[in-house]
2 protein chains.
Amino acid sequence: MIVGGGLPGEVADAVRDVPSGRSTPQRAAVLRVLAACPDFVSAQELHARLAADGVSIGLTTVYRSVQALERAGLLDVVRDDAEGRLYRRRPAAGHRHYLICRDCGRSQSVDADVVEEWAERVGECTGFSAVEHILELTGVCARCRVGS
Amino acid sequence: MIVGGGLPGEVADAVRDVPSGRSTPQRAAVLRVLAACPDFVSAQELHARLAADGVSIGLTTVYRSVQALERAGLLDVVRDDAEGRLYRRRPAAGHRHYLICRDCGRSQSVDADVVEEWAERVGECTGFSAVEHILELTGVCARCRVGS
DNA sequence: CGCTAGATGACAATGATTTCCACGTCCAGG
DNA sequence: CCTGGACGTGGAAATCATTGTCATCTAGCG
């Protein structure tokens, strides 16, 4: 992975969006690696990739950075039984859902408007307020089905 | 909670449904307490309730029992950031979704036919097979909103 | 340049879950 | 009734992601 050179403008923008955040080399590095990862990664894996890129950063800081990014809404999060939380840069503003391959881990975002609307309606009908939802889809992608 | 007396027939039936399972007092007790819990409970809480009921059972066995029940499809499972996995007896055959109060933990099952259909269609359109989904809805129930 | 709130990171702590392993219990066959 | 093996049990130890602690560092401001 190429790590030299200046930050892509997009990453710089994202750094700026983190609330109450000071710009530090570590945070920039976290975002940079995250931006280079097409699929979900765990905090631990992120830490390993940063180390592999020659970035000196503590695991604690990785966790804190990811938390800050999550709060800022810049990351999507899924939970994996084996690896704990997995993070991925949110490609666009708003709320997304993913279909993740149980074999290879590749993810693909899906259009979930139907679900969004439904969830909202459920909130209205049940007397619950501030309804939030987590939706995780898993399956076996075409490539893995052929391969195995 | 009353624990004496024979098993309700329903629980006995459920015990029988667990595959590769021998019927033991511990497993029966787990199912009995589970059947008496209207809301989701953690394995730890289950263990505490069993102890409170005077049932001598190890935490390990509680974990093994809920695992077996989960595999047998007799339990619904949700994940909670604070408490880990939460279990609840599945009221009927098939797949259900729940709306859980973030304050008091009370749960309410919701009709999710729309989501089921949608998930199925997503599987067909994306080339993924064996698509499964996890949907967790959280909110604040009417009672908690008033109370706080 | 010097100050200070915020950031960092090595390390310890936490807490749910799993693994280990010695022991108990049930059942079939002798 | 005895015996052997398979399965179940449970306490303790191990695992492992995640969070807390705290001394040290540094970005950003005046």
Side-chain angles (χ1 to χ4, degrees), chain A residues 7 12 14-34 40-72 74-75 77-88 105, chain B residues 14-34 40-72 75 77-88 105 136:
Chain A
L7 290 174
V15 170
R16 214 170 299 125
D17 286 344
V18 179
S20 79
R22 185 185 288 176
S23 171
T24 68
Q26 287 87 351
R27 293 201 179 170
V30 167
L31 264 171
R32 182 156 30 78
V33 172
L34 231 19
F40 284 89
V41 287
S42 64
Q44 313 259 352
E45 193 176 338
L46 202 49
H47 180 238
R49 292 198 190 207
L50 283 158
D53 282 359
V55 179
S56 172
I57 186 172
L59 186 53
T60 310
T61 303
V62 174
Y63 273 104
R64 272 192 297 245
S65 301
V66 166
Q67 269 177 1
L69 291 168
E70 182 186 349
R71 270 196 300 275
L74 292 171
L75 293 186
V77 186
V78 298
R79 303 200 53 156
D80 181 76
D81 277 335
E83 294 181 277
R85 285 185 182 77
L86 301 180
Y87 303 90
R88 184 187 202 271
Chain B
V15 169
R16 214 170 299 127
D17 285 345
V18 179
S20 81
R22 186 183 289 175
S23 174
T24 68
Q26 288 86 352
R27 293 200 182 170
V30 167
L31 263 172
R32 182 156 30 77
V33 171
L34 232 19
F40 284 89
V41 287
S42 64
Q44 313 261 350
E45 194 176 337
L46 202 50
H47 180 239
R49 292 197 189 207
L50 284 158
D53 282 358
V55 178
S56 172
I57 186 173
L59 188 53
T60 309
T61 303
V62 174
Y63 273 105
R64 269 192 299 247
S65 300
V66 288
Q67 268 177 4
L69 292 168
E70 182 187 350
R71 270 196 301 275
L75 294 185
V77 186
V78 300
R79 303 201 52 156
D80 182 76
D81 277 334
E83 293 181 276
R85 284 185 183 77
L86 302 181
Y87 302 91
R88 183 188 203 272
E136 294 180 20

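Below, chains carry the letters A, B, ... as their sequence lines are ordered, and counting in each starts from 1.
- Between B/Leu69 atom CG and D/dG8 atom P the separation is 13 Å, expressed in whole Å.
- The main-chain N or O of B/Arg79 is found under 3.5 Å from a side-chain atom of B/Glu136 such that the two form a donor-acceptor pair.
- Across every non-hydrogen atom of B/Ser65 and B/Arg27, the tightest pair is OG-CG, 4.2 Å.
- One atom, CD of A/Gln26, and another, P of C/dG6, lie 18 Å apart when rounded to the nearest Å.
- For the pair B/Ile57 CD1 and D/dG10 P, the interatomic distance rounds to 6 Å; values are reported in whole Å.
- The only option from B/Leu86, B/Val66, B/Leu34 that meets the side chain to side chain contact (heavy atoms under 4.5 Å, CB included) definition with B/Val41 turns out to be B/Leu34.
- Between B/Thr61 and B/Thr24, every side-chain heavy-atom pair lies at or beyond the 4.5 Å cut-off.
- Here C/dA16 presents its C1' atom at 14 Å from CG of B/Leu46, a figure rounded to the nearest Å.
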Sort me out a list of protein N/O and nucleotides 25-30 of chain D N/O pairs below 3.5 Å, or just none if empty.
unit_1 : atom_1 : unit_2  : atom_2 : d
D/dT26 : O2     : A/Arg22 : NH1    : 3.3

Any protein N or O atoms within reach of nucleotides 17-21 of chain D? Criterion: under 3.5 Å, listing atom names and distances.
unit_1 : atom_1 : unit_2  : atom_2 : d
D/dT18 : OP1    : A/Arg85 : N      : 2.7
D/dT18 : OP2    : A/Tyr63 : OH     : 2.7
D/dT19 : OP1    : A/Gln67 : NE2    : 3.4
D/dT19 : OP2    : A/Gln67 : NE2    : 2.8
D/dG20 : O6     : A/Thr60 : OG1    : 3.3

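- Nearest heavy-atom pair, A/Leu59 versus A/Ala43, reported as atom, atom and distance to 0.1 Å: CD1-O, 4.3 Å.
- Put simply, CZ on B/Arg79 is 13 Å from P on C/dA16, counting in whole angstrom units.
- Smallest separation of non-hydrogen atoms from B/Val55 and B/Ala29: CG1-CB, 3.8 Å.
- Counting only heavy atoms from C-beta outward, the side chains of B/Asp81 and A/Arg85 approach each other to under 4.5 Å.
- Between the CG atom of B/Asp80 and the C1' atom of C/dT17 there is a distance of 15 Å, rounded to whole Å.
- Between A/Val33 and A/Arg49, the shortest heavy-atom distance links the atoms CG1-CB, 4.0 Å.
- Rounded to 10 degrees, the angle between the two end axes of the helix from C/dC1-D/dG30 to C/dG30-D/dC1 is 20°, with five pairs used at each end.
- Two residues are said to be in side-chain contact when any heavy atoms from C-beta on lie closer than 4.5 Å; B/Ile57 and B/His47 meet this criterion.
- Put simply, the side chain of A/Val30 reaches to within 4.5 Å of the side chain of A/Leu69, judged on heavy atoms.
- Atom-to-atom distance recorded for A/Glu45:CD and A/Leu50:CG is 11.0 Å, nearest 0.5 angstrom.
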